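Nothing fancy with the numbering, it's 1 onward along the sequence. Just follow the structure's listing: the first ligand is 1, and inside any ligand the first atom is 1. Values in this document were obtained by computation on a predicted structure and should not be read as measured data.
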Amino acid sequence: MKKVVLAYSGGLDTSCCIKWLQDKGFEVICFSANLGSEFSPVQLKNKAKASGVSKIYVEDLRKEFVQEYIFPALKANALYESRYVLSTALGRPLIAKYLVDIAHKEKALFVAHGCTGKGNDQVRIDTTVKILDPKLKIIAPVREWDLTSRESEIEYAKKNKLPISISKEKIYSIDQNIWGISIEGGMMEDLNNAPDEAAYVLTKNVDETPNKADYVDIEFYKGVPVRINGKKAEGLKIIGILEELGGKHGIGRTDLVEDRTVGIKSREIYEAPAAWILIRAHQELESMTLDKETLSFKEIAALRYSQLVYQGLWFSRLLRSLQAFIEMTQEKVTGSVKLKLYKGNVTVASRVSKYSLYKKHLATYGEEDQFDRKDAKGFIEIFSLPYRER
Ligand code: ARG
């Protein structure tokens, strides 16, 4: 029998995929990754078994996701179209990489996933698979079958006695991981509608957030957060604490009309409290520890970097090269930033670094001033020369 490794979430789409692939004559092997959404290995295994799956790999990839994907992106301050922390986009190459590895281990010539034919995720997973092993064949049943609505999928599942659990009516399409949550569909497809308050999962509306601020101190070592409020903690733990604290203060909501790789404009609501807090703190530390030229070039690099992440080109030559540059810039991005969290805002309360390039004796307007003003005149003469000549 032909073997296929399917990226399996346990949801309706991928449950139908199992049956569809089996009907096409495949032996289906499932792979489920925990990137920080609700996740029950036992349930997944039971469900997959009940669908006649020969084998299921269940991997907790949260630590790898933080160390190898999220923190590298944090070092870049990666944001797509200024407002998306790329949470969903960052998870896809990791999932695709495991799909390829498991296919090799199982000597399978096919991999499959449940992405739709309109979104970015198919582009990200397919492209990553093609970069890592161009010989593997990719099957995306949702792109091929004629189950065009959720209702028809439910009917298909019922007809084939697939073990699905349809609890309450699913209004929105949601993707969640450690770095944030993406919510789309339903009434929010109409750009005239404000986001549905009931759709938010992680964050409070600012109308309901505390009237008293919380302060949080984050220490970075070479661009990576290592301590929170003075206590050493793993990345995953730090993100978890900040998600809760940020959510409590309504931080990290964005509502974005974005450009998909397939050319469509779409609207997505995001919640990413931890990401927004960490990016803000990281930027602050860079402002004081990086020189002007590095900072300004890094911003340009980050713009391209973010577009590449969005497009699923994580393993491309250009992205790897930009990452190498970004890594080099982080050598002195070490120090602490104390932030105030209040009513949806993150503001800086204080910052400190032994590598700070801010020199009070140069910046001050007070008596300690050591900047030689007389030099300024000559500097400006030369600086303005081309403009005067023109
Ligand atoms: N727009 C985001 C991206 O392309 C999220 C995609 C998935 N969204 C969802 N609600 N399932 O990365």
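A cation-pi arrangement is found for Lys338 relative to Tyr215, the charged atom lying closer than 6.0 Å to the ring centre and inside a 45° cone about the ring normal. The cationic atom of Arg83 (NZ for Lys, CZ for Arg) does not lie both less than 6.0 Å from the six-membered ring centre of Tyr270 and within 45° of the ring axis. No cation-pi contact links Lys24 to Phe26, judged by a cut-off of 6.0 Å to the six-membered ring centre and 45° from its axis. Cation-pi geometry between Arg227 and Phe220 is not satisfied (NZ or CZ under 6.0 Å from the ring centre, within 45° of the ring normal).
Which parts of ligand 1 touch Asp175 is read off a 4.0 Å heavy-atom cut-off, strictly below it: atoms 11 (N). Near Arg124, meaning under 4.0 Å from one of its heavy atoms, ligand 1 places the atoms 3 (C), 4 (O), 12 (O). Every atom of ligand 1 with a heavy atom of Tyr270 under 4.0 Å away is listed here by number and element: 1 (N), 2 (C). Numbered from 1 in the order shown, with element, the atoms of ligand 1 that lie under 4.0 Å from a heavy atom of Asn120 read 3 (C), 4 (O).
Annotation: Asp121 places no N or O atom under 3.5 Å from an N or O atom of ligand 1; distance criterion only.
Contact analysis puts Tyr310 in contact with ligand 1, with a non-hydrogen atom separation below 4.0 angstrom.
In Tyr84, the part holding a heavy atom less than 4.0 Å from any atom of ligand 1 is the side chain. No part of Arg260 comes within 4.0 Å of ligand 1, judged by heavy-atom distances.
One distance of note links NE2 of His282 with CG of Asn77; it measures 5.5 Å at 0.5 Å rounding.
Considering only non-hydrogen protein atoms, atom 11 (N) of ligand 1 sits nearest to Ser173 OG, 2.9 Å.
Test Thr127, Leu90, Leu94 against Trp314 for side-chain contact (heavy atoms from CB on, under 4.5 Å) and you get one pass: Leu90.
Nearest residue to atom 10 (N) of ligand 1 from Glu258, Gln176, Arg267, Glu268 is Glu268 (criterion: closest heavy atom).
In the model, Ser353 has no side-chain atom that pairs as donor or acceptor with a side-chain atom of Thr289 under 3.5 Å.
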